[in-house]
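Take a look at the structure set out below.
Numbers for residues simply follow the sequence, beginning at 1.
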Amino acid sequence: MTRFARWTALAACAALLTAGCSGGSDDHDRGGTAIDWGRCEASGDTPAPGEEWQCGTLRVPLDWSEPDGGTIGLALIRAKATGDDRLGSLLFNFGGPGGSGVSMMPSYATTASKLRERYDLVSWDPRGVAASEGIRCRDDEEIQAAESVDSTPDTPAEEQAYLADAADFGKGCQESAGKLLAHVSTTDTARDMDRIRQALGDDRLNYFGISYGTELGGVYAHLFPKKVGRLTLDAVVDPSADTVGHAENQTRGFQRALDNYLKSTGRDPGQGSREIAELLDRMDAEPLPTSSKGRELTQSLALTGIVLPLYSKDGWPVLTSALEAAEEGDGSELLALADGYNERDASGKYGTTTHSQRAISCLDDKQRMTAAQTGELLPEFERISPVFGPFLGWDTAGWCHDWPVPGQHDTPEVSAPGAAPVLVIGNTGDPATPYEGAQRMADELGEGVGIVLTWEGEGHGAYGSGSDCVDSTVNAYLLDGTVPKDGKVCS
């Protein structure tokens, strides 16, 4: 079972790093919190990043309601500013929830090279993620076995298996995380961000959040409005949407991206979508053979394979080839795309981004849909998209089914009266975080706080995606403090 509210394409190919440290501390906040910066170490077959990168660990409270109690370690990475006119640190979160900033930051540095002239580039693994006591809910064999579970159950037996698999996943998370499972919320991580700000020695937080990182930035602004420096939110999550609302938003967003893709090939979007839906239905009855030994392309894996290249226009030719092969009876290319999304390597080892993602989002979200409630919603989901609707509709029931800890809220609070202006970027062709979320984020941040910048483009995220207008506007804001006119459009 896969939820598509992920960072995916932006960082799906980033290597996993473990933050290591050696040497002494050189950053302290006024309260004595310190980060011991040192050499970044290699992890497995993944080499360490270049010598300009430093890694370290910061201790933070496990439970922020008991700040003097037990602590956990957060893994961080940074590269110092290249110029002399340093502004401070710029903290990045690349999305998820569950994405490793330690592994992603070095590969994103080229995109952010202009920003690095005046900022130290800094990122971290949020609590419960990767090197920050990352949660792992299943082993590799269990993950692969679960791929055969039907994510769009058609019979009582399939529905029972689907929900039993969801409950089993939650039990695995509880066994892995223990007490931590109740303390990996977005609010917990936003409080960690302020501790990071202090440890870096910055009076205000300068921040760049992408995808889920925009929700995290909004929550931070709400909790610490007077500590907001220059915040940029790109590929914006709609903070006004609950569990069902997010699923509907994504159904529309991915269908919109699929329509645009089909138009680019000269096909009618409606007819093309129906043909893809029919292909998926055939795989539901009979999975396709693949060149991967002992593995078939199921309906669920095929949909995951379709989703990945929709995150970027550059992936559209790959999608064309994979769909053509599937129509001819070979599921190998779509399976390879699904494996890329699911972080499965050639040896059969899987990454754990989705484990952390689920643990964080199910702690955040209070809403728990039943299968019966989902059944009532399915016709509307299918009307929005015959391709993505059934999967994302059923996801509302399965994602947090029988979760071991209760959720915290229906929607996150991001109002930030009195905060400095926050730059909110919406991309009209974004599949995972549809464009409408940017205006809703700006509205909830409050008048004079949320400043909307629109890019009429394709893909997940706008900065560094080929628009000189977007890049120059963001650079002027972060580097010079120039706030653009609210509603500016880059075509």
| said: With side chain to side chain contact (heavy atoms under 4.5 Å, CB included) as the criterion, how do Val318 and Leu337 come out once you've worked through the C-alpha distance, each side chain's angles and the decisive distance to 0.1 Å? | reply: CA-CA 9 Å; Val318 178; Leu337 289 169; 3.8 Å; yes
| said: Closer than 4.0 angstrom, basic N to acidic O: yes or no for Asp85 and Arg118? | reply: yes
| message | Tell me if the centroids of the rings in Tyr261 and Phe254 come within less than 6.0 Å of each other. | response | no
With a cut-off of 3.5 Å and sequence neighbours excluded, list every side-chain donor-acceptor pair involving residues 416-424.
none

| Where do Thr396 and Thr243 land on the side chain to side chain donor-acceptor pair (under 3.5 Å) test, with the steps shown first? | CA-CA 7 Å; Thr396 62; Thr243 295; over 6 Å; no
| said: Quiz question: by atom type and distance under 3.5 Å, do the side chains of His460 and Ser211 form a donor-acceptor pair? | reply: yes
| request: With sequence neighbours excluded, give me every salt bridge (charged side-chain N to carboxylate O under 4.0 Å, His left out) pair touching residues 237-263. | output: Asp238-Arg440, Arg256-Glu436
| Step-by-step side chain to side chain donor-acceptor pair (under 3.5 Å) determination, Tyr220 to Asp194 | CA-CA 8 Å; Tyr220 178 89; Asp194 201 58; 2.5 Å; yes
| message | Could you check whether any side-chain N or O of Ser185 sits under 3.5 Å from a backbone N or O of Asp364, counting only pairs where one atom can act as donor and the other as acceptor? | response | no
| field | Donor-acceptor contact present, side-chain Asp395 to main-chain Phe391, <3.5 Å | value | no
| message | Using a 3.5 Å distance criterion without hydrogens, assess whether the side chain of His401 forms a donor-acceptor pair with backbone atoms of Ala166. | response | no
| query | Would a distance-only check, ignoring hydrogens and angles, find a side-chain to backbone donor-acceptor pair under 3.5 Å from Asp234 to Gly461? | reply | no
| task | Look at the side chain of Asp188 and the backbone N and O of Asp63, then say whether any donor-acceptor pair between them is shorter than 3.5 Å. | result | no
Could you pull out all donor-acceptor pairs under 3.5 Å where a side-chain atom in residues 225-232 meets a protein atom, sequence neighbours excluded?
residue: Arg230; atom: NH1; partner: Leu478; partner atom: O; Å: 2.8
residue: Arg230; atom: NH1; partner: Leu479; partner atom: O; Å: 3.4

| Who pairs with Lys114 by salt bridge (Lys or Arg N to Asp or Glu O under 4.0 Å), at least two apart in sequence or on another chain? | Glu117
| Which pairs pass side chain to side chain donor-acceptor pair (under 3.5 Å) with one or both residues in residues 414-425, sequence neighbours excluded? | His222-Ser415, Glu413-Ser415
| query | Counting N and O atoms only, with roles assigned by atom type, does the side chain of Ser273 sit under 3.5 Å from a partner on the main chain of Gly270, one being a donor and the other an acceptor? | reply | no
| request: Check whether any side-chain heavy atom of Trp64 sits under 4.5 Å from a side-chain heavy atom of Arg191, and report yes or no. | output: yes
Under 3.5 Å, which donor-acceptor pairs link side chains of residues 481-491 to any protein atom two or more places apart or in another chain?
residue: Asp486; atom: OD1; partner: Val452; partner atom: N; Å: 2.8
residue: Lys488; atom: NZ; partner: Thr473; partner atom: OG1; Å: 2.8

| field | Donor + acceptor pair across side chains of Thr251, Ser385 (<3.5 Å) | value | no
| message | Quick check against the 3.5 Å criterion: does Arg78 have a side-chain atom that pairs as donor or acceptor with the backbone of Gln54? | response | no
| said: Checking Tyr119 against Ser89: is there a side-chain donor and acceptor pair closer than 3.5 Å? | reply: no
| said: Run the side chain to side chain donor-acceptor pair (under 3.5 Å) test against Thr71 and tell me which residues pass, sequence neighbours left out. | reply: Arg59
| request: Please name all residues satisfying salt bridge (Lys or Arg N to Asp or Glu O under 4.0 Å) with Asp192, sequence neighbours left out, ordered by chain then number. | output: Arg127
| request: Say whether, by atom type as modelled, one donor and one acceptor occur between the side chain of Asp202 and the main chain of Gly88 under 3.5 angstrom. | output: no
| request: Using side chain to side chain donor-acceptor pair (under 3.5 Å) as the criterion, list what pairs up with Asn93, not counting sequence neighbours. | output: none
| field | Inter- and intrachain pairs under salt bridge (charged side-chain N to carboxylate O under 4.0 Å, His left out), touching residues 444-470, at least two apart | value | none
| note | His355 meets the side-chain contact (heavy atoms from CB on, under 4.5 Å) criterion, sequence neighbours left out, with Arg136, Cys137, Arg138, Ile143, Phe169, Thr352
| request: Using the side chain to side chain contact (heavy atoms under 4.5 Å, CB included) rule, take Val307 and Phe388 through it: C-alpha gap first, then chi angles, then the decisive distance, then the call. | output: CA-CA 9 Å; Val307 159; Phe388 306 105; 3.8 Å; yes
| Pairs satisfying ring-ring contact (aromatic ring centres under 6.0 Å, His included), at least one member in residues 463-491, at least two apart | Phe208-Tyr463
| message | Would you say Ser472 and Asn475 are linked by a side-chain donor-acceptor pair, where the criterion is simply a distance under 3.5 Å? | response | no
| Going through the distances and angles, do Leu216 and Tyr207 end up as a side chain to side chain contact (heavy atoms under 4.5 Å, CB included)? | CA-CA 10 Å; Leu216 181 57; Tyr207 174 76; 3.9 Å; yes
| query | Quick check: does any side chain N or O of Ser132 sit under 3.5 Å from a backbone N or O of Asp125, one acting as donor and the other as acceptor? | reply | yes
| message | Does the plane of the ring in Phe94 sit parallel, tilted or perpendicular to the ring in Phe92? Use 30° and 60° as the thresholds. | response | parallel
| Approximate separation, where rounding is to 0.5 Å, of Ser100 OG and Trp124 CH2 | 11.0 Å
| query | Counting N and O atoms only, with roles assigned by atom type, does the side chain of Thr189 sit under 3.5 Å from a partner on the main chain of Thr186, one being a donor and the other an acceptor? | reply | no
| query | Can the positive tip of Arg358 be found less than 6.0 Å from the middle of the six-membered ring of Trp399, inside 45° of the ring normal? | reply | yes
